[in-house]
Amino acid sequence: MNQIDTIARTPGADFDAVVVGAGFGGLYAVHKLRDELGLKVQAYDAAGDVGGTWYWNRYPGALSDTESFCYRYSFDKEGLAKATWKNRYLTQPEIIAYLGDFADRYDLRRSYRFDTRMTSAVFDEATGLWKVATDKGDTVTAKYLITGLGLLSAINKPPFKGVDRFKGQIHHTAAWPEGVDLRGKRVGVIGTGSTGVQVIIALAPIVGHLTVFQRSAQYVVPIGNWPEDEAKINEYKANYDAIWDQIKGSAVAFGFGESTVPAMSVPPGERERVFEQAWNKGGGFRFMFETFGDIATDRAANDAIADFIKRKIAQIVKDPETARRLTPTDLYAKRPLCGDNYYDVYNRNNVTLVDVREDPIAEFTETGIRLQSGQQHELDVVVMATGFDAVDGNYTRIDIRGRGGIPMKDKWKDGPKGYLGMMEADFPNLFMILGPNGPFTNLPPSIETQVEWFSDAIAMAEQKGLRTIEPSQQAADEWVRTCQTIADMTLFPQAQSWIFGANIPGKKNAVMFYLAGLGAYRSAIGAVRDSGYSTMIFDRETETA
Ligand code: FAD
Ligand code: NAP
């Protein structure tokens with residue numbers, strides 16, 4: 001299967017393609033381009049090995065919230081046949097082992113240089129090649145640049161005053177070192193997003209004292225992480241073709257059928273029964289999309305489900321003041337969160353909830369964190385679960401330049417834009433995996449969809465002997481307008497979260513996803529391919545030519 005790729009097809013280039021990233025996206029891209037298209041590929045990752053997200057996020061409690069049966073590649077029949085897992089969701093070690101095994105079976109590591117960060121990528125109009133430089137001093141040229149940089153991988157570390165003064169340890173969850181032992185320690189966690197929720201649940205029973213610094217109260221439903229036995233796993237295996245067909249035609253691609261029933265079309269008692277059933281079953285995306293069809297689009301439906309969760313908080317949390325602080329006041333319209341017994345954590349004697357919206361963090365001191373009121377929390381360790389500069393963060397942090405030397409940063413000064421979530425006008429032969437304006441789903445099926453789509457485009461370009469392929473500015477603008485129109489039909493823009501860039505101070509709020517679902521996305525990008533890539537410019541003349 002694996003040829004030894006020594007000669008580039010592209011005249012004058014070191015490689016046909018450079019792939020950056022060794023997560024789900026980059027690994028599949030290397031396999032596709034190298035093994036199926038026969039291109040000469042050089043790949044890089046700043047990490048020490050494969051895994052992407054799961055290489056970096058080794059914090060206690062790290063778990064998928066996509067169910068185990070569908071957080072994997074659909075095309076890899078051998079991998080599916082031998083797959084096994086313990087529970088309904090996958091732990092970080094299980095996912096890293098899965099991706100490691102995938103890399104072994106497809107002999108992918110030999111194409112990578114690990115511990116190597118791409119620092120710049122500049123398109124040279126004269127040669128039609130990308131010139132890629134790394135922090136290890138490599139400079140290589142390639143016709144195609146494939147970026148699988150991750151949409152949740154550029155770390156957000158808020159610049160808290162006095163962090164350097166703190167004598168204890170500070171760890172960001174997405175740069176978690178090996179061997180951190182938090183047992184018996186006084187630990188502070190800043191952040192209550194998906195990561196914070198997982199780490200808080202995992203740490204509360206083992207640390208001496210846990211102080212949670214919460215800025216936004218969150219809607220958290222149970223995840224339902226029960227064991228799955230061999231019989232259940234075999235059932236998935238026997239049905240994989242139908243399962244993937246369903247997933248690829250669905251909206252959020254989480255392996256269940258989304259409801260089409262409007263919440264207000266049923267009597268209140270029936271709504272309550274549906275919410276209660278979903279609460280007991282677990283799963284954030286199920287809660288938002290399997291209960292009723294309009295939770296994310298209709299204000300009354302959203303209020304009803306939010307009210308249900310608020311009542312759960314009031315029932316579970318014993319101290320009324322803590323319950324008040326934990327109760328969200330905004331819409332239920334962020335990326336859904338889940339975790340078993342999250343609110344119960346706050347009934348423990350060793351857990352303190354601090355509301356940093358009411359009393360913000362003023363500074364780190366030598367021994368802990370001081371709030372604006374002057375209240376001091378003594379800590380041995382601070383866990384920053386403060387998230388990511390999502391989607392475009394890894395693009396704007398490095399120097400990527402397209403035609404005429406235009407920096408990606410400038411091109412995206414009003415917010416990141418990606419044609420079909422993969423390309424950008426003026427950036428020829430660049431294919432982004434999970435780039436801006438791509439689908440908002442369980443991600444492996446969307447990643448596969450994109451890698452397969454641009455592999456077809458590259459195969460076409462190679463067959464036709466094209467030098468460059470890029471979207472027209474008009475097509476790119478139209479796609480962004482489509483994404484905006486779809487987003488405006490939902491309630492998501494009304495909540496402040498990373499989905500629109502609202503979590504990073506100074507970042508322009510922008511629509512960063514195509515929110516119509518994977519099925520619709522596949523049709524849209526399939527139509528572009530079937531039209532003979534009619535929205536693309538082939539071999540665009542340079543301005544000086
Ligand atoms: P990543 O896995 O993020 O890999 C990107 C790689 O690119 C990284 O290894 C990084 O080191 C490398 N890189 C970036 N910039 C450079 C550079 N300049 N030079 C060299 N290398 C670079 N999604 C789901 O669908 N379901 C889940 O349950 C789920 N759980 C998640 C849990 C956590 C804790 C997080 C953070 C995310 C989760 N996600 C989940 C989203 C997850 O990121 C995707 O599912 C998927 O792993 C993305 O794969 P990727 O290959 O696109 O990117
Ligand atoms: P996040 O959702 O952006 O949450 C970051 C948290 O840090 C928020 O609570 C935020 O508060 C807080 N924060 C940020 N800056 C702060 C500051 N200066 N002071 C105080 N608090 C601050 O990031 P995340 O939790 O890492 O999750 C990101 C995404 O990764 C998820 O939405 C999901 O897609 C994925 N993920 C999935 C799982 C899973 O369940 N499998 C687990 C982890 C991550 P505000 O809300 O007020 O901004």
Side-chain angles (χ1 to χ4, degrees), residues 20-29 43-59 61-67 70-71 89-90 92 95 99 113-121 132 134-135 147-160 172-174 189-199 213-218 223 252-254 284-285 330 334-339 356-357 360-361 384-390 393-395 397-398 400 432-435 440-447 450-451 495-499 502-505:
V20 190
F24 271 96
L27 290 175
Y28 187 32
Y44 298 102
D45 199 304
D49 197 4
V50 302
T53 290
W54 305 97
Y55 176 90
W56 298 108
N57 289 265
R58 292 163 189 261
Y59 59 84
L63 189 75
S64 72
D65 67 348
T66 299
E67 291 173 49
C70 60
Y71 196 63
Y89 301 92
L90 297 168
Q92 178 272 337
I95 303 169
L99 289 173
R113 229 167 260 169
F114 292 107
D115 294 311
T116 305
R117 181 172 291 279
M118 172 172 77
T119 49
S120 72
V132 172
T134 76
D135 63 356
T147 49
L149 309 185
L151 52 62
L152 292 160
S153 99
I155 288 176
N156 172 37
K157 246 188 214 170
F160 293 112
H172 193 287
T173 47
V189 174
I190 304 176
T192 53
S194 299
T195 302
V197 165
Q198 291 187 337
V199 87
F213 297 89
Q214 171 196 277
R215 188 166 67 182
S216 299
Q218 306 277 16
I223 190 166
V252 292
F254 268 76
F285 275 82
D330 55 355
K334 296 180 183 174
R335 198 237 189 228
L337 308 187
C338 52
V356 297
R357 170 107 44 215
I361 293 172
M384 296 237 195
T386 45
F388 303 90
D389 183 356
N394 270 332
Y395 290 84
R397 287 175 187 202
I398 56 177
I400 303 185
M432 299 176 281
I433 304 169
L434 302 183
F440 183 73
T441 62
N442 169 36
L443 290 170
S446 290
I447 287 170
Q450 294 188 329
V451 172
Q496 298 283 305
S497 79
W498 65 262
I499 300 177
N503 63 325
I504 303 294

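Order of listing sets the numbers, starting from 1, for every ligand and every atom in it. Counting begins at 1 with the first residue of the sequence. Nothing here was measured: the structure is a model prediction, and the numbers come from that model.
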Open item on the list: Using side-chain hydrogen bond (donor to acceptor under 3.5 Å, both in side chains), reason through T173 and T195 one step at a time and then give a plain yes or no.
Closed with: CA-CA 8 Å; T173 47; T195 302; 4.6 Å; no

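- Applying the 4.0 Å criterion to heavy atoms of F160 picks out, from ligand 2, the atoms 17 (C), 18 (N), 19 (N).
- Judged by distance alone, the side chains of S446 and T441 do bring a donor and an acceptor atom under 3.5 Å apart.
- Listed by atom number, the atoms of ligand 2 under 4.0 Å from Y59 heavy atoms are 42 (C), 43 (C).
- Partners of Y395 under the ring-ring contact (aromatic ring centres under 6.0 Å, His included) rule, at least two apart in sequence or in another chain, are W412.
- Of the heavy atoms in Q214, none comes closer than 4.0 Å to ligand 2.
- Near Q198, the atoms of ligand 2 lying under 4.0 angstrom from a non-hydrogen atom of the residue are 39 (C), 40 (O), 41 (N), 42 (C).
- Judged as a ring-ring contact (aromatic ring centres under 6.0 Å, His included), and not counting sequence neighbours, Y44 has no contacts.
- Those atoms of ligand 2 with a heavy atom of G191 less than 4.0 angstrom away are 6 (C), 7 (O), 9 (O), 12 (C).
- Contacts between T192 and ligand 2 below 4.0 angstrom, taking non-hydrogen atoms only, involve backbone and side chain alike.
- At a 4.0 Å heavy-atom cut-off, ligand 2 touches S194 through backbone and side chain alike.
- Between the side chain of Q92 and the backbone N or O of N57 there is no donor-acceptor pair closer than 3.5 Å.
- Remark: ligand 2 atoms within the under-4.0 Å shell around heavy atoms of A385 are 5 (C), 6 (C), 7 (O).
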Every pair of nitrogen or oxygen atoms between ligand 1 and the protein that is under 3.5 angstrom apart - can you list them with their distances to 0.1 Å?
from: ligand 1; atom 1: 2 (O); to: T53; atom 2: N; distance (Å): 2.7
from: ligand 1; atom 1: 2 (O); to: T53; atom 2: OG1; distance (Å): 3.1
from: ligand 1; atom 1: 3 (O); to: T53; atom 2: OG1; distance (Å): 3.2
from: ligand 1; atom 1: 7 (O); to: G148; atom 2: O; distance (Å): 3.4
from: ligand 1; atom 1: 9 (O); to: D45; atom 2: OD1; distance (Å): 3.1
from: ligand 1; atom 1: 9 (O); to: D45; atom 2: OD2; distance (Å): 2.7
from: ligand 1; atom 1: 11 (O); to: D45; atom 2: OD1; distance (Å): 2.7
from: ligand 1; atom 1: 11 (O); to: W56; atom 2: NE1; distance (Å): 3.0
from: ligand 1; atom 1: 18 (N); to: M118; atom 2: O; distance (Å): 3.1
from: ligand 1; atom 1: 19 (N); to: M118; atom 2: N; distance (Å): 2.8
from: ligand 1; atom 1: 21 (N); to: A46; atom 2: N; distance (Å): 3.1
from: ligand 1; atom 1: 25 (O); to: N442; atom 2: OD1; distance (Å): 3.2
from: ligand 1; atom 1: 25 (O); to: L443; atom 2: N; distance (Å): 2.7
from: ligand 1; atom 1: 26 (N); to: T66; atom 2: OG1; distance (Å): 2.7
from: ligand 1; atom 1: 28 (O); to: D65; atom 2: N; distance (Å): 2.7
from: ligand 1; atom 1: 28 (O); to: D65; atom 2: OD1; distance (Å): 3.0
from: ligand 1; atom 1: 28 (O); to: T66; atom 2: N; distance (Å): 3.1
from: ligand 1; atom 1: 43 (O); to: T53; atom 2: OG1; distance (Å): 2.7
from: ligand 1; atom 1: 45 (O); to: Y71; atom 2: OH; distance (Å): 2.6
from: ligand 1; atom 1: 47 (O); to: T53; atom 2: OG1; distance (Å): 3.4
from: ligand 1; atom 1: 47 (O); to: Y71; atom 2: OH; distance (Å): 3.3
from: ligand 1; atom 1: 51 (O); to: F24; atom 2: N; distance (Å): 3.1
from: ligand 1; atom 1: 51 (O); to: G25; atom 2: N; distance (Å): 2.8

Between side-chain atoms of residues 149-159 and protein atoms elsewhere (two or more places apart, or another chain), which donor-acceptor pairs fall under 3.5 Å?
from: S153; atom 1: OG; to: L149; atom 2: O; distance (Å): 2.7
from: S153; atom 1: OG; to: N394; atom 2: ND2; distance (Å): 2.5
from: N156; atom 1: ND2; to: T386; atom 2: O; distance (Å): 2.9

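- The proximity of I361 to ligand 2, defined as any non-hydrogen pair under 4.0 Å, does not occur for either the backbone or the side chain.
- Using a 4.0 Å cut-off between heavy atoms, F388 contacts ligand 2 through its side chain alone, with no backbone atom that close.
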